[in-house]
Visitor: 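Structure incoming, see below.
Computed from a predicted model, the values in this text were never measured in an experiment. Numbers here simply count residues along the sequence, with the first being 1.
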Amino acid sequence: MNAPPAVSTQALSTKPSRAPGVAFIFKKALISALVALVLFSLMIGVRTEAGPRGQLIYWTRFGDLAAMVAVVFGGSIVVELLRQWWGPVGTIRVVPAPVQSALSVAGRLVAPALLVFTFLVPVIFYDQRYILDLGILVLTYVMLGWGLNVVVGLAGLLDLGYVAFYAVGAYSYALLATNFGLSFWVCLPLAGILAAFWGVLLGFPVLRLRGDYLAIVTLAFGEIIRLVIINWQSLTGGPNGISGIPRPTMFGIPLSPGEDGLAARLGIEFSPTHRIVFLFYLILALALLTNWVTIRLRRLPIGRAWEALREDEVACRALGINTTTTKLTAFATGAMFGGFAGAFFATRQGFISPESFTFQESALVLAIVVLGGMGSQLGVALAALAMIGGFELFRGFDQYRMLVFGVAMVLLMIWRPRGLIGHRAPTVFLERNQAISSDLVKEGHG
């Protein structure tokens, strides 16, 4: 008698599981709506304010509360449907294979398309000063994010005081340009070198620290730099800051309406937009330089040492890697790019003060790196565009801007815990698996 064919465990493991039913989706959406009703009742439904005589006055906004609860209810349903689309392995995928391949191709074209669009922004929006200023601001944070990505994303060192290097670069350029009359192109590398020097100084005390302790020390370092700037009034101007910072020139040719200006030499009509366009392409060049250097460093032994340090410091020591040098180079490289960005910020603003270098700036840059994906260059750029552009988009909704921002961060952390574009793949890996001889292992075939 023939035995029935055996069902392999592999066939059982690949059998897709049932997706959640309609009742489960609506039940979960109802629970989310009730939680939102409880949380938003005092935040949105009832508003209080101190009256002219000190009494407490309040008014209700039940319509806004109902709208918010309805949005949460509908959003929960959408979340569950999307969870079925891009759920974990073993669940039913609704997205067909051709759509997935099309999305993969589109993902590879995002970076080139974004770069081409960035180059064309001054051409498309030449007459819109607001768009150009916003583009300069976004590119500044992109450069800061790529600089911090070296420390946090590649080396795995949590730095909460990155704004200190930003401030060192800005004040270095401001002091050298105003006191010694040096040009921007001379002060730019000096600002990066000085910021890298302070990065090495920060690296020495934290060589034996990791995790939360490292974050606390770097946070204190950022506050120390800010307090020194405030109190050393004879050098930094204290709370009054430094004004009259020289504007950049195009290799010695000023962008001014005079006869020696660039417009007069080219025989064209002078426009104040020329300087804005020049600043846009200048910060774009600095950001692309940061990106290129970071990508090149990842392929060098020092970049591989950063990745090894990020994954496991104990194993990194066991491999014979000098963790002291690795940490110091990571802090110095990230600080150098922060110094470059600070020098550009000073020459763009023409005025700097300690108020521009608070902990909030460090938190914002760190949020860009984490939300974009630690180690991902494209993810950092997209996160900077979304966060800085998002703040400007919701500027007219002061009461809801931080609420929307917080909800977006929570959803992103739920769906993409490693960031928008999580990229922690090692730079060097074996392209195909290799079997190990049974003589080298304890049991059976390797």
Side-chain angles (χ1 to χ4, degrees), residues 108 111-112 115 142-159 162 165-166 169 188-204 206-210 214 218 284-341 343 365-366 368-370 372-381 384 418-419 421-432 434:
R108 290 193 295 266
L115 181 60
V142 168
M143 183 177 179
L144 288 172
W146 282 341
L148 184 60
N149 196 30
V150 174
V151 184
V152 179
L154 298 184
L157 304 172
L158 185 56
D159 188 357
Y162 192 70
F165 311 123
Y166 188 41
L188 181 64
L190 294 178
I193 293 173
L194 291 175
F197 171 74
W198 282 99
V200 173
L201 291 183
L202 171 62
F204 274 110
V206 301
L207 290 178
R208 297 182 179 273
L209 301 178
R210 66 182 69 177
L214 174 63
T218 54
L284 177 61
L286 292 175
L288 292 179
L289 176 64
T290 304
N291 184 33
W292 180 78
V293 172
T294 303
I295 293 175
R296 295 291 297 177
L297 287 177
R298 289 192 65 174
R299 300 174 182 174
L300 295 178
I302 185 60
R304 300 171 189 172
W306 289 342
E307 293 177 347
L309 181 67
R310 176 191 65 191
E311 298 300 330
D312 194 334
E313 185 173 349
V314 177
C316 185
R317 291 177 182 272
L319 291 173
I321 298 176
N322 190 339
T323 57
T324 299
T325 305
T326 304
K327 289 183 179 181
L328 291 180
T329 51
F331 274 113
T333 305
M336 179 183 64
F337 294 130
F340 290 157
V365 178
L366 181 62
I368 289 174
V369 174
V370 174
M374 292 188 295
S376 172
Q377 301 293 92
L378 178 60
V380 170
R418 288 192 174 183
I421 303 179
H423 180 73
R424 293 187 62 142
T427 305
V428 180
F429 55 90
L430 295 176
E431 296 183 358
R432 57 183 179 179
Q434 295 182 357

Visitor: Any non-hydrogen side-chain atom of Leu286 less than 4.5 Å from a side-chain atom of Leu188?
Guide: yes
Visitor: Enter the distance from Arg299:CZ to Arg304:CZ here, rounded to the nearest 0.5 Å.
Guide: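 Going from the CZ atom of Arg299 to the CZ atom of Arg304 covers 10.5 Å.
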Visitor: Run Leu328 and Phe204 through side-chain contact (heavy atoms from CB on, under 4.5 Å) and show every step you take.
Guide: CA-CA 7 Å; Leu328 291 180; Phe204 274 110; 3.8 Å; yes
Visitor: Closest approach of Leu288 and Leu115, non-hydrogen atoms and distance?
Guide: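 Heavy-atom minimum between the residues: CD2-CD1, 3.9 Å.
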Visitor: If the condition is side chain to side chain donor-acceptor pair (under 3.5 Å), which residues does Thr323 pass it with, not counting sequence neighbours?
Guide: Arg317
Visitor: Is the shortest side-chain heavy-atom distance between Val151 and Phe165 below 4.5 Å?
Guide: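 They are not in contact (no side-chain heavy atoms under 4.5 Å apart), so the answer is no.
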Visitor: If you compare all heavy atoms of Leu309 against all heavy atoms of Glu313, which two are closest, and at what distance to 0.1 Å?
Guide: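 Closest heavy-atom pair between Leu309 and Glu313: CD1-CG, 3.6 Å.
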Visitor: Contact between Leu201 and Trp198 at the side-chain level, heavy atoms closer than 4.5 Å - yes or no?
Guide: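 Yes - at least one pair of side-chain heavy atoms lies under 4.5 Å apart.
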Visitor: Taking only residues two or more places apart in sequence, or in another chain, which ones meet Tyr166 in a ring-ring contact (aromatic ring centres under 6.0 Å, His included)?
Guide: Phe345, Phe357
Visitor: So Asn149 and Thr294, do their side chains get closer than 4.5 Å, heavy atoms only?
Guide: no
Visitor: I need the minimum non-hydrogen distance between Ala155 and Ala330, along with the two atoms involved.
Guide: CB-CB, 3.8 Å
Visitor: Closest heavy-atom contact between Trp146 and Gln377?
Guide: NE1-O, 2.8 Å
Visitor: Apply side-chain contact (heavy atoms from CB on, under 4.5 Å) to the pair Leu154 and Leu297, showing each step before the final yes or no.
Guide: CA-CA 10 Å; Leu154 298 184; Leu297 287 177; over 6 Å; no
Visitor: Please report the closest heavy-atom contact between Cys316 and Ala305, naming both atoms and the distance.
Guide: SG-O, 4.4 Å
Visitor: The criterion is side chain to side chain donor-acceptor pair (under 3.5 Å); which residues satisfy it with Thr329, sequence neighbours excluded?
Guide: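 Testing Thr329 for side chain to side chain donor-acceptor pair (under 3.5 Å), a comparison that skips the adjacent residues, returns Trp306.
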Visitor: Would you sort out whether Leu366 and Tyr162 count as a side-chain contact (heavy atoms from CB on, under 4.5 Å), showing the intermediate values?
Guide: CA-CA 8 Å; Leu366 181 62; Tyr162 192 70; over 6 Å; no
